[in-house]
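Right, one structure below, let's go through it.
Start at 1 with the first residue, then count along the sequence.
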Amino acid sequence: MSALTSTFISSDSTGKHSGSVVARIVRKASLWMSAALLLCLVAPFAAAAQNPYSMIEGVSGQLLNTIRAEGQHLSSNPQRYYAAVDRVLAPVVDFDFIARGVMGNYAKKATPAQRAKFASTFRRDLVATFARGVATFGDLDVKVVNPGTAPSGNRVNVLQEVRSNEGLTKVSYTLVRNRSGQWKLINVILNGVNLGKTFRGQFAQAMQANNGNIDKVIAGWSAADKVAGNP
């Protein structure tokens, strides 16, 4: 657990970007870009020996099919749509490890119940933000840059380019292989901005603003606000 959390936080030196830089990027590319950080991340058929490049490359069609099939319910039955998207993301994105990494040192001070509550809140909010952002986008050109064979090590960075009417988005996914041999996503770097470190910095700022009250921070957490660099 600690190894995955540490990797998530230290995946790239680009975490030095401030919230204002993230805000400029998101405003420039519109809300969908903030959501597109998860596009083509996962496949529900993730197998122990699966090539992580193929895994990321192959999921775009399924996510887009989900968006086309369920996106129409965003207004009338949003929970149905969110649940459909969550089912695609859940097999590979390790929300619990990511959430603990976002909490940083505060995770040690939190109770198990508080850590579980934040993990649940973080997952629900991030999935909903993603789902809303891509609900109207069905035509995207997505490709993995220089795909390779299954690596022998337990960590890999997969680079991807996403082209749309909004322009080009460069995404780097950090995945690690767990003890069961499955590849799990633990961080995303979007156009040079390390989202793991950004979220961690925002959590720390929220803790300071709320005088260390973890319950208040959890209750007020919003992924859309954090990615956009808003208070």
Side-chain angles (χ1 to χ4, degrees), residues 1-17 33 35-66 85-105 107-108 115 119 122-123 126-127 130 134 140-163 168-201 227:
M1 179 179 295
S2 61
L4 289 182
T5 301
S6 175
T7 303
F8 171 73
I9 295 303
S10 62
S11 294
D12 191 271
S13 61
T14 53
K16 62 184 179 181
H17 288 276
M33 183 178 280
L37 63 95
L38 288 178
L39 184 62
C40 309
L41 296 184
V42 295
F45 48 84
Q50 189 173 9
N51 183 326
Y53 298 96
S54 299
M55 182 178 70
I56 288 181
E57 192 172 44
V59 73
S60 56
Q62 178 165 2
L63 272 176
L64 291 176
N65 286 339
T66 298
V85 173
D86 185 83
R87 285 193 295 271
V88 179
L89 301 178
V92 172
V93 178
D94 202 327
F95 289 104
D96 289 342
F97 284 124
I98 294 175
R100 189 178 179 94
V102 168
M103 295 181 78
N105 291 332
K108 298 178 182 178
R115 289 194 293 268
F122 181 83
R123 172 176 177 169
L126 193 61
V127 169
F130 164 68
V134 298
L140 298 173
D141 180 21
V142 181
K143 71 173 183 178
V144 171
V145 180
N146 298 323
T149 58
S152 58
N154 294 322
R155 169 175 167 154
V156 64
N157 291 318
V158 178
L159 304 179
Q160 189 177 66
E161 292 182 348
V162 181
R163 294 181 183 275
L168 174 65
T169 303
K170 294 184 178 181
V171 191
S172 175
Y173 306 110
T174 301
L175 300 97
V176 296
R177 183 159 37 197
N178 64 17
R179 294 179 180 178
S180 299
Q182 295 176 317
W183 289 100
K184 294 289 185 178
L185 180 121
I186 59 170
N187 196 19
V188 178
I189 298 172
L190 177 65
N191 277 349
V193 178
N194 187 314
L195 296 179
K197 290 188 176 182
T198 298
F199 283 138
R200 180 173 180 171
V227 174

Q. Shortest non-hydrogen contact from A99 to A119?
A. CB-CA, 3.6 Å

Q.
Going by side chain to side chain contact (heavy atoms under 4.5 Å, CB included), name the residues that satisfy it together with K170, two or more places apart in sequence or in a different chain.
A. E161, L168, N191

Q.
Measuring only between side-chain heavy atoms, which start at C-beta, is N194 closer than 4.5 Å to I189?
A. yes

Q: State which residues pass salt bridge (Lys or Arg N to Asp or Glu O under 4.0 Å) with D86; sequence neighbours excluded, sorted by chain then number.
A: R123

(Q) Could you report the tightest heavy-atom contact between R177 and S152, atom names first, then the distance? (A) NH2-O, 3.3 Å

Q | S172 versus N157, closest heavy-atom pair with distance | A | OG-CB, 4.2 Å

Q) How many angstroms lie between CG in D94 and CH2 in W183, if you round to the nearest 0.5 Å? A) 14.0 Å

Q | Nearest atoms (heavy-atom pairs only) where V85 meets T66 | A | N-CG2, 4.2 Å

Q | N178 side chain reached by F97 side chain, heavy atoms, under 4.5 Å | A | no

Q) Roughly how far, to the nearest 0.5 Å, is the OH atom of Y53 from the CD atom of Q160? A) 12.5 Å

